[in-house]
A.B. asks: 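The structure follows.
First listed ligand is number 1; within each ligand, the first listed atom is number 1.
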Amino acid sequence: MLIRLGLKQFTSLLIDVHCHLTAEEFHGKVERVIADAARSGVKIIITSGLGYEDCLKALEISDHQIVFPSLGIAPYKLDDYEKVLSLIEKERSRILAIGEVGLDYWKGKREEWSKQQKVFEDFIDLAKSLDLPLIVHSRSAGKYALEMLFKKRVDRVIMHAFDGKATHAARAAEKGFMFSIPPTIARSSQKQKLVKRLPLDNLLLESDAPVLSPIPGEINYPRNVRISAEWISRLKNLTFDKVAEKTTLNAMEVFDLKIQL
Ligand SMILES: [Zn+2]
């Protein structure tokens with residue numbers, strides 16, 4: 001997809017690869033939230049739909065200039081999943097990715113885990129057949145989600161807010177999987193460990209707004225991907241601009257984005 005940004009130069013442009021602008025918290029404020037993000041350098045936002053109705057809203061608020069849609073479903077609330085699968089097929093040309101989809105062994109009951117796996121497989125197969133990247137949710141199930149993705153030989157994968165072990169993540173990074181880092185890195189030693197362990201080539205920025213705020217209990221915003229970038233630059237001893245540039249290039253590659261200033 002080609003994006004025209006109308007910018008004078010390509011400096012410190014940030015991409016929020018995963019958030020939920022359709023969330024109630026942003027109701028009636030989406031334009032302000034986007035303008036605010038743009039002022040902080042976040043010029044591209046990928047908003048992820050969760051379930052059929054939310055996916056329709058994500059398509060509606062996407063303008064394909066700043067906001068792009070990705071369509072998925074929460075693994076612990078799979079009622080409408082067949083409708084989401086067909087919506088993705090129908091809207092293939094308008095979306096950047098499938099997701100978030102995946103496994104959630106924390107919220108999902110144990111007796112539903114096999115259904116989660118089956119549905120996740122359907123979304124993986126669809127991503128492969130439509131040649132779209134997958135944004136993967138894997139709460140308390142990181143290792144299992146990675147194993148399924150390895151077995152299916154998927155290569156365009158974004159593990160979002162990965163909460164598993166850095167050793168598992170490192171193995172996935174060797175296969176080219178990307179990891180998007182949320183602003184909770186400011187208060188999570190697990191995320192800090194992850195960033196230290198993974199090469200910059202495999203890192204992206206995400207807010208997951210309105211959740212995963214750097215301050216517990218507060219609403220999170222896409223502009224806070226700056227905090228993720230600041231932490232990556234500190235932990236890797238790189239300049240902020242270097243982190244901004246590389247994570248943007250990484251995102252352009254995995255989402256097949258071409259940016260024209
Ligand atoms: Zn999310």
A.B. asks: I'd like to know whether the aromatic ring centres of F177 and F150 sit less than 6.0 Å apart in this structure.
C.D. replies: yes

A.B. asks: Nearest to the Zn ion (ligand 1), which N, O or S atom of E100 do we find?
C.D. replies: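 Considering only N, O and S atoms, E100 comes nearest to the Zn ion (ligand 1) through OE2.
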
A.B. asks: Is the distance between the ring centroids of Y81 and Y52 under 6.0 Å?
C.D. replies: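 No, ring centres 6.0 Å or more apart.
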
A.B. asks: What atom name does the N, O or S atom of D208 nearest to the Zn ion (ligand 1) carry?
C.D. replies: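 This turns out to be OD1.
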
A.B. asks: Under a plain distance cut-off of 3.5 Å, with no hydrogens placed, do N220 and S207 share a side-chain donor-acceptor pair?
C.D. replies: no

A.B. asks: Measure from the Zn ion (ligand 1) to each N, O or S atom of H18 and report whether any distance is below 2.8 Å.
C.D. replies: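 Given the 2.8 Å cut-off, H18 counts as a ligand of the Zn ion (ligand 1).
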
A.B. asks: If I take every N, O or S atom of H137, is at least one of them less than 2.8 Å from the Zn ion (ligand 1)?
C.D. replies: no

A.B. asks: So that I can tick it off, tell me whether R156 and D131 are bridged by a salt bridge, with the cut-off set at under 4.0 angstrom between side-chain N and carboxylate O.
C.D. replies: yes

